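If you're wondering where the values come from, they're calculated on a predicted model, not measured in any experiment. Keep in mind that the numbers below use all heavy atoms, side chains included, and drop hydrogens, waters and symmetry copies. Naming: A, B, ... by sequence-line order, numbering from 1 per chain.
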There are 2 protein chains.
Amino acid sequence: MDSRVHDILRRNQLSVTASREKILNLFLTNTRALAHADIEHKAGEKFDRVTVYRTLQTFVEKGILHTIPTPDNSIKYALCKNDCFEGHHHDNHYHFVCSVCGKTECFEDFIIPSVKLPKDYIANNMEIVVNGICSACRKK
Amino acid sequence: MDSRVHDILRRNQLSVTASREKILNLFLTNTRALAHADIEHKAGEKFDRVTVYRTLQTFVEKGILHTIPTPDNSIKYALCKNDCFEGHHHDNHYHFVCSVCGKTECFEDFIIPSVKLPKDYIANNMEIVVNGICSACRKK
DNA sequence: GTAACTGCAAAATATTTGCATCCTT
DNA sequence: AAGGATGCAAATATTTTGCAGTTAC
């Protein structure tokens, strides 16, 4: 169990329960984004379907996780970085989905260029999903 | 009925049926993107749910429509521009979703900056969804 | 006439809600 | 002890599949 699990839950005024600890730990020990099914059917674990729904929803509301829209329109979840706590999302990041293995990753260290909008439009945030082939699949 | 409807269907080797004509016409006479429910419950029309699913899928496969992932993870569909025929998507466009009225639009006339990827990653295309307030809602 | 498309029924999936019980604080 | 979280059952909602009848070409 990752040592940050407990702190993150307390920091967000969430009671520390077994399900929350295990699910949050999955994200902390995993670089890729996870879908509901990835969590529910995780080997060796038996999470109740409803608990997974509710836990993910709670984490998103608290800003611990954020959702990623994928090309096939399934929902994936990924950890927000530190800046995301308190609901203030740090939106200068984008997502990469590998079309071969399906791995979804969240990159923060790359400049996101601003986009021009038509007159009188206001942009609040921007979601960028890049599709391609990850380094591991490219080398196969 | 928009005069382009017939041409577009023939151009994509699709037989011209009433449902396809009506659904395609909705997109041609509408600047916003439409969700499955928008079409099925369209006033004055009674489309069979299954026919809508199949028609949308066919249009996406043919490259007539493309899907837009929205923040609430519902699927919306929008017309591809001419360049998209034959399955060659013209991906230099992005989508705007108004957080007030929910209107989803497809903009093509704005430069999309390239994004740097980690070493050995290959980008095939990029999906950009901008959230904000459209001009109509801003003026209210 | 033939192949493709539609619409109905039904199956399969996915998501939400209610509630009694259990756990955290 | 009190409030919140869980897990089961059941209600809803969504999407897919099968198939007989209909339509386009």
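- Atom-to-atom, CZ of A:Phe47 to C1' of D:dG7 comes out at 14 Å; the value is rounded to the nearest Å.
- Put simply, the side chain of B:Asn131 never gets that close to the backbone of A:Asn124: no donor and acceptor are under 3.5 Å apart.
- For A:Asp48 (side chain) and A:Val50 (main-chain N/O), a donor-acceptor pair under 3.5 Å exists by modelled atom type.
- Within the 3.5 Å criterion, the main-chain N or O of A:Ile68 finds no donor-acceptor partner in the side chain of A:Lys76.
- A donor N or O paired with an acceptor N or O is found under 3.5 Å between the base of D:dG7 and the side-chain atoms of A:Arg54.
- Each of D:dT15, D:dC25, C:dT15 was ranked by its minimum atom distance to the side chain of A:Arg49; first place goes to C:dT15.
- Under the salt bridge (Lys or Arg N to Asp or Glu O under 4.0 Å) criterion, B:Glu40 pairs with B:Arg49, not counting sequence neighbours.
- For the pair A:Arg10 CZ and D:dG4 P, the computed distance is 14 Å after rounding to whole Å.
- Residues B:Leu79 and B:Phe27 are in side-chain contact: their nearest non-hydrogen atoms beyond the backbone lie under 4.5 Å apart.
- Following rounding to the nearest Å, B:Gln57 (CD) and D:dT17 (C1') show an atom-to-atom distance of 12 Å.
- As a whole-Å value, the separation of B:Tyr53 OH from C:dA9 P is 17 Å.
- At whole-Å resolution of the value, CD in B:Gln13 and C1' in D:dA24 are 15 Å apart.
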With side-chain hydrogen bond (donor to acceptor under 3.5 Å, both in side chains) as the criterion, how do A:His41 and A:His36 come out once you've worked through the C-alpha distance, each side chain's angles and the decisive distance to 0.1 Å?
CA-CA 9 Å; A:His41 304 124; A:His36 176 101; over 6 Å; no

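- Distance A:His6 NE2 to C:dT24 C1': 10 Å, rounded to the nearest Å.
- Rounded to whole Å, the distance from CD on A:Glu40 to C1' on C:dT13 is 11 Å.
- Of the residues in residues 14-27 of chain B, those placing a heavy atom less than 4.0 Å from an atom of DNA chain C are B:Ser15, B:Thr17, B:Ser19, B:Arg20, in numerical order.
- Here the P atom of nucleotide D:dG4 and the NZ atom of A:Lys62 are 11 Å apart, to the nearest Å.
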